[in-house]
Amino acid sequence: MTHDYVIVGAGTAGCVLANRLSAEPDASVLLLEAGGRDDYFWIDIPVGYLYTIGNPRTDWCYRIEPDPGLNGRTILYARGRVLGGCSSINAMIYMRGQRSDYDHWASLGNRGWGWDDVLPVFMRSEDYQHGADECHGVGGEMRVEERRVSWEILDAWRDAAEECGIPKIAEFNRDDNFGNAYFQMNQRAGRRWSGTKAYLRPVEHRPNLTVRTGAQVRRIAVEPGDAGPRATGVELLGGERLEARREVILAAGAIGSPQILQLSGIGPGALLQAHGIDVVHDLAGVGENLHDHLQIRTIYKVENTVTLNLRVNSLFGKAAMGLEYLLFKTGPLTMPPSQLGAFARSDPSRASANMEWHVQPLSLDKFGDPLHRFNAITPSVANLQPTSRGHVRIKNPDPRQAPAITLNYLSTDEDLGVAVAGLRFTRRIMAAKALARFEPEEWKPGLDVESDEALAAAARDLGTTIFHPVGTCRMGSDPLAVVDDRLAVHGVAGLRVIDASVMPRITSGNTNAPTVMIAEKGAEFVLQDATG
């Protein structure tokens, strides 16, 4: 049971790594996934996220700790527990972020992580529907396509945003995202295009690649050495030991990777000792720096149009949607949660757009609830550069016990200020002439909520995650950094973390495409170090 590389986690990053590392025919690669195979009917159908998120068959079904920033609420914190990980249950939106995101990473001393460094990596992995140009590639694994359904209310919202100073642009992902456009998605001909389909399925036949599902890691095996501790393999629940000749690579995500490190004795010494875990390597930053995009979900009732609410609440509408998808792979069943986006600054002093809207032709009280029976849309606004920080910390030494996930949303004055600015900006857009014929009526938070203090309280009531946790094993060279700029864990040889947890600061938008890029670069580092 010895392999050259043992990869823990078969989500987006793990699938990329398995593909790239097993391309070296002399290297044996083991990919471990705690969940099952991605053969559930609803994974393939884009709208199936409604049935995979919150479903223990495909989701870890975490919940965050009660959060003062959300008025004491706890919310679902979905993480994929299936081959493909979150790419099998996510919104499918292809969003790289902005130049400023990556140039910020580089400014912290992380070599090779600026925009000009990462853009070629994005392009190499992409198969863009409209062909190659100076920002897009073709022939890569990640298929990127346009939406396959339209709504007149969203077209009008674009016009309204333009009235309010957010211009229409053809697409995002070209350096600076300021403007409004329809999202492009990781789909192929109306079907979800996950990390499994893109990277793993085409290479599963390789004799030097082994994929195991239902394999939950209890801890990383670390042995002492003259130069310090070295990772030599992993131990599964049940005690099975799997050896790694070259490297152990954690790709378990921003929640799973720090949890496994802490269970293995790598993390803040006081935390580990409090749970009776021997400290193998005191690394203070493991599990810290957790942050995420909090979206403030406003709801507006509308008239004189048809939204998904009306179609879903009609037997004829449901039948028509199902038939359209069956025959043409078009229509509402191809929808991600959000189709339309917009980026803008919360104030002119910002160097780049720091707010993003996700606009949905539907409404519901919270994820998992039925759609409202009235006609409505949901323009949600998120702070792209939150300053609030939380942490992931084990509760006990049992790997089957979910860790404590603490976000501390809206815990800084800056984040509260951006939330209030976003709510006011949303009202301006909804009051624009382009939307007048739909007679929008603000249902949540409601026009009686007017002062900054009242809007801040509403943000705490309405705020919810977009499921973009990052940063808990962040890249850098300071005392709280966990990995270096080649994604090797500080102070432990033979161990890397390659997933969204290494982001020093979150990117501006959905995090799946950046995770692909991180894994592509991480695979290059692994192979270079093996031959160098």
Side-chain angles (χ1 to χ4, degrees), residues 47 50 70-71 73 75 91 147 149-164 166 180 182-183 294-318 320-321 331-333 335-342 344 355-382 419-451 454-464 466:
V47 80
L50 292 168
L70 301 183
N71 287 334
R73 289 184 294 130
I75 57 176
R147 74 195 191 285
V149 61
S150 296
W151 303 88
E152 66 170 350
I153 189 73
L154 297 188
D155 291 339
W157 201 96
R158 290 195 73 196
D159 295 335
E162 189 165 55
E163 281 185 48
C164 296
I166 308 177
N180 81 80
Y182 283 103
F183 292 125
L294 182 76
Q295 64 174 358
I296 315 300
R297 293 175 56 85
T298 65
I299 296 174
Y300 286 77
K301 294 182 177 180
V302 293
E303 302 290 343
N304 308 315
T305 191
V306 174
T307 67
L308 190 62
N309 287 16
L310 294 190
R311 297 192 68 176
V312 164
N313 285 301
S314 156
L315 273 177
F316 176 80
K318 286 180 180 177
M321 289 189 293
L333 269 66
M335 282 175 54
S338 302
Q339 291 178 276
L340 176 62
M355 297 190 303
E356 180 186 11
W357 283 264
H358 290 76
V359 190
Q360 303 170 318
L362 55 86
S363 68
L364 68 171
D365 287 333
K366 65 178 183 299
F367 190 87
D369 285 0
L371 299 188
H372 293 135
R373 301 194 71 84
F374 53 77
N375 216 15
I377 66 168
T378 302
S380 300
V381 62
V420 170
L423 287 170
R424 292 199 183 280
F425 207 141
T426 303
R427 284 178 170 171
R428 284 174 52 204
I429 295 170
M430 295 304 301
K433 290 181 180 178
L435 286 169
R437 65 189 175 99
F438 302 109
E439 304 174 23
E441 174 191 348
E442 184 175 322
W443 192 61
K444 285 189 178 180
L447 289 177
D448 58 325
V449 179
E450 182 51 43
S451 68
L455 286 170
R460 297 186 192 280
D461 281 333
L462 300 176
T464 192
I466 324 180

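Since the structure is predicted, the reported quantities are computational estimates derived from the model, not experimental observations. Because only heavy atoms are used, hydrogens play no part in the values below, and waters and symmetry mates are left out as well, while side chains stay in.
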* For Lys318, enumerate each residue passing the salt bridge (charged side-chain N to carboxylate O under 4.0 Å, His left out) test, keeping only those at least two apart in sequence or located in another chain. => none
* Asked: Would the number of heavy atoms belonging to other residues, nucleotides or ligands and lying under 6.0 Å from CG of Leu315 be above 12?
  -> no
* To do: Find the distance between CD1 (Ile377) and CG (Leu308) and round it off to the nearest 0.5 Å.
  => 13.0 Å
* Asked: Looking only at heavy atoms, which two atoms of Ala161 and Ile429 are closest? And how far apart?
  -> N-CG2, 4.0 Å
* **Taking every non-hydrogen atom, the tightest pair across Gly463 and Arg73** => O-NH2, 2.7 Å
* Can you measure from CZ (Arg460) to CG (Leu294) and round to the nearest 0.5 angstrom? => 10.5 Å
* Structure fact -> Between Pro361 and Ile153 the two heavy atoms that sit nearest each other are CB-CG2, 4.4 Å
* **Nearest atoms (heavy-atom pairs only) where Asn309 meets Phe374** => ND2-O, 2.7 Å
* Structure fact -> Here the gap from Asn313 atom CG to His372 atom NE2, rounded to the nearest 0.5 Å, amounts to 10.0 Å
* Check: Glu356 side chain, Ala382 main-chain N or O, donor-acceptor pair, under 3.5 Å -> no
* Asked: Under 4.5 Å between any side-chain heavy atoms of Tyr300 and Thr426, yes or no?
  -> yes
* Within a strict 4.5 Å, meaning less than it, do heavy atoms of the Leu435 and Asp159 side chains meet? -> no
* Got a donor-acceptor contact below 3.5 angstrom from the Glu163 side chain to the Ala434 backbone? -> yes
* Arg437: what forms a side-chain contact (heavy atoms from CB on, under 4.5 Å) with it, not counting sequence neighbours? -> Glu152
* Residue pairs passing the salt bridge (Lys or Arg N to Asp or Glu O under 4.0 Å) test where at least one lies in residues 419-431, sequence neighbours excluded -> Arg424-Glu450, Arg424-Asp452, Arg427-Glu442, Arg427-Glu450
* Heavy-atom side-chain contact between Thr298 and Val381 under 4.5 Å -> no
* Asked: Can you name the residues that form a side-chain hydrogen bond (donor to acceptor under 3.5 Å, both in side chains) with Arg311, not counting sequence neighbours?
  -> none
* Asked: So how far is it from Lys444 NZ to Leu423 CG, rounded to the nearest 0.5 Å?
  -> 13.5 Å
* **Side-chain donor/acceptor of Asn375 to backbone N/O of Thr305, under 3.5 Å** => yes
* Side-chain donor or acceptor of Asn180 paired with backbone N/O of Leu340 under 3.5 Å -> no
* Asked: Is it true that a side-chain atom of Thr378 and a backbone atom of Ile299 form a donor plus acceptor pair closer than 3.5 Å?
  -> no
* For Asp448 and Pro445, work out which heavy atoms get closest and say how close. => OD1-O, 4.1 Å
* If you round to the nearest 0.5 Å, how far is OG of Ser314 from CZ of Arg373? -> 9.5 Å
* Check the pair Leu362 / Thr307 against side-chain contact (heavy atoms from CB on, under 4.5 Å), numbers first and verdict last. => CA-CA 6 Å; Leu362 55 86; Thr307 67; 5.9 Å; no
* **Shortest non-hydrogen contact from Trp151 toward Val306** => CE3-O, 3.5 Å
* Asked: How many angstroms lie between atom OG1 of Thr464 and atom CD1 of Ile75, to the nearest 0.5 angstrom?
  -> 4.0 Å
* Asked: Are Pro332 and Val47 side-chain neighbours, meaning at least one heavy-atom pair lies under 4.5 Å?
  -> no
* With sequence neighbours excluded, residues passing ring-ring contact (aromatic ring centres under 6.0 Å, His included) with Phe425 -> Trp357
* Asked: How would you list, by chain and number, every residue that makes a ring-ring contact (aromatic ring centres under 6.0 Å, His included) with Phe183, sequence neighbours excluded?
  -> Phe172, His358
